[in-house]
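Atoms within a ligand are numbered from 1 in the order they appear, just like the ligands themselves.
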Amino acid sequence: MKLASVVGARPNFMKLAPLATALDRRPGVEHFVIHTGQHYDAAMSDTFFRELRLPDPRYHLAVGSGSHAQQTAAIMERIEPILADERPDIVIVYGDVNSTVAAALTAAKLNLTVAHVEAGLRSRDRTMPEEVNRIVTDSLATILLAPSPDAVSNLRAEGHDPHEIHFVGNIMIDVLRFALGQAQRPAGAPNRDGDSAPYVVATIHRPANVDDPVNFQEIMGALLELSEQCPVVFPVHPRTRQRLEKQGIYARAAQLRLSDPLPYLEMTALVAGANLVVTDSGGLQEETTYLGIPCLTVRSTTERPITCTEGTNRLVAANRDVIVAAAREALARPLQGPPIIDRWDGRTGERIAAVLCGDEEAAEPTR
Ligand code: UD1
């Protein structure tokens, strides 16, 4: 059996790790990786391959950055001859980035089977490029690997064949559990265990927050205000760095502890020790829920509602006063134990491998 995983952006690499390990253990399975090159900085790509012991890509498409159409088209053009030549039994795509939809569309047109890891998440906000990518990818995939019951419900409501929907759980929790066992807090970072001073971790990179000057000023104003109360550690995505430099905020933001994007293990240790996370990331909403750490997500919608209903996540507007008030309230509240969420248990990679390999029990349609 021949399986191809297509990855391209930082959040894809984390999701690949547990599945690559699970597939490796299965005799008779050939699994290879295609890296689109959507993310190419060492801090956004190479360190993840090294730390998470990911298999070296058999192909690297080196597409780089561009508009959505340019990036998607470049991936499709470069991946088509590879998929046509290799003809894998299943093409596995991950999450909701441009690499995901480009690979799914190319594979489907070659009549190859597409499996989507993290199927069924919906924010119902089509102004988010990721929402468009999710809808298109799920409409093309015939192996829909859902992380949570809400994702299963969304897929059913959209009319997907129940036999194609598999409630496998959240693969991010697999890699998070691995990382917690290995993680090392970055040098110089505050330590929640060692001293009692709380600290906040912030990450902001969505176009709606970063490319809109008003929203960006509001968010940065909130983080600067919070940093007067306690340290705010802010690993900066390349897009955000460009905006900070352009608007002259970068120089003024010295009260924040700004850094390059962190390797996954360092980031995990940093988050695990934090008292609060302020973010617009998808993955961090889930990681903080699993860890029981309060999270403020600077967005009006989330495709991961379970993190709000069962977890520690709260949506906040891109408004300085709203963010600061919500942060102060969260910092004053005692930390609660993490919730237990069905199939967020570290075994999702194994379940997906079983589904892909056609193990009868795992291939059972979800309830
Ligand atoms: C992509 C995903 C987003 C995900 C994020 C994680 C899409 C539509 N979006 O957004 O869902 O949360 O990855 O990081 O696929 N850049 C670099 N070096 C890099 C990569 C990017 O400098 O290695 C800069 C470039 O200026 C580029 C910009 O960041 O134009 C945006 O990169 P892009 O890949 O288009 O999307 P992300 O914002 O990273």
Using distance alone, with no hydrogens and no angle criterion, decide if [X] and [Y] have a side-chain donor and acceptor under 3.5 Å apart.
X      : Y      : answer
Tyr264 : Thr47  : no
Arg124 : Asn154 : yes
Gln336 : Thr312 : no
Asn313 : Thr297 : yes
Ser123 : Glu131 : yes
Asp280 : Asn209 : yes
Gln38  : Asn98  : no

Within the 4.0 Å heavy-atom shell around [X], which atoms of ligand 1 are there?
X      : value
Ser65  : 25 (C), 27 (C), 30 (O)
Met44  : 14 (O), 23 (O)
Gln242 : 26 (O)
Glu130 : 2 (C), 3 (C), 9 (N), 11 (O)
Pro238 : 16 (N), 17 (C), 18 (N), 22 (O), 24 (C)
Arg10  : 14 (O)
Gln71  : 34 (O), 35 (O)

Give the residue, atom name and distance (to 0.1 Å) of the protein heavy atom nearest [atom].
atom                    : answer
atom 6 (C) of ligand 1  : Pro11 CD, 3.6 Å
atom 4 (C) of ligand 1  : His205 NE2, 3.7 Å
atom 33 (P) of ligand 1 : Gln38 NE2, 4.0 Å
atom 8 (C) of ligand 1  : Asn98 OD1, 3.3 Å
atom 29 (O) of ligand 1 : His237 CE1, 3.7 Å

With heavy atoms and a 4.0 Å threshold, my read on which part of Ser45 contacts ligand 1 is neither
At under 4.0 Å between heavy atoms, what of His39 touches ligand 1? The answer is both
Discussion item. So that I know where these two stand, are Phe13 and His39 an aromatic pair - ring centroids less than 6.0 Å apart?
Written reply: no
Closest heavy-atom approach to atom 2 (C) of ligand 1 among Val97, Thr72, Asp41 is made by Val97
Note: heavy atom closest to atom 36 (O) of ligand 1, options Arg239, Gln70, Arg241, belongs to Arg239
For Arg122 and Asp96, what are the C-alpha separation, side-chain angles and deciding distance, and is it a salt bridge (Lys or Arg N to Asp or Glu O under 4.0 Å)? CA-CA 10 Å; Arg122 295 289 180 270; Asp96 56 16; over 6 Å; no
Taking distance alone, with no angle check, do Asn133 and ligand 1 share an N/O pair under 3.5 Å?
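Min N/O separation from ligand 1 is not below 3.5 Å for Asn133.
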### Task
Report the residues that fulfil salt bridge (Lys or Arg N to Asp or Glu O under 4.0 Å) with Arg10, sequence neighbours left out, ordered by chain and then residue number.
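By the salt bridge (Lys or Arg N to Asp or Glu O under 4.0 Å) rule, Arg10 matches no residue at all.
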Should the heavy atoms of other residues, nucleotides or ligands under 6.0 Å from CD of Glu30 be counted, would the total exceed 12? yes
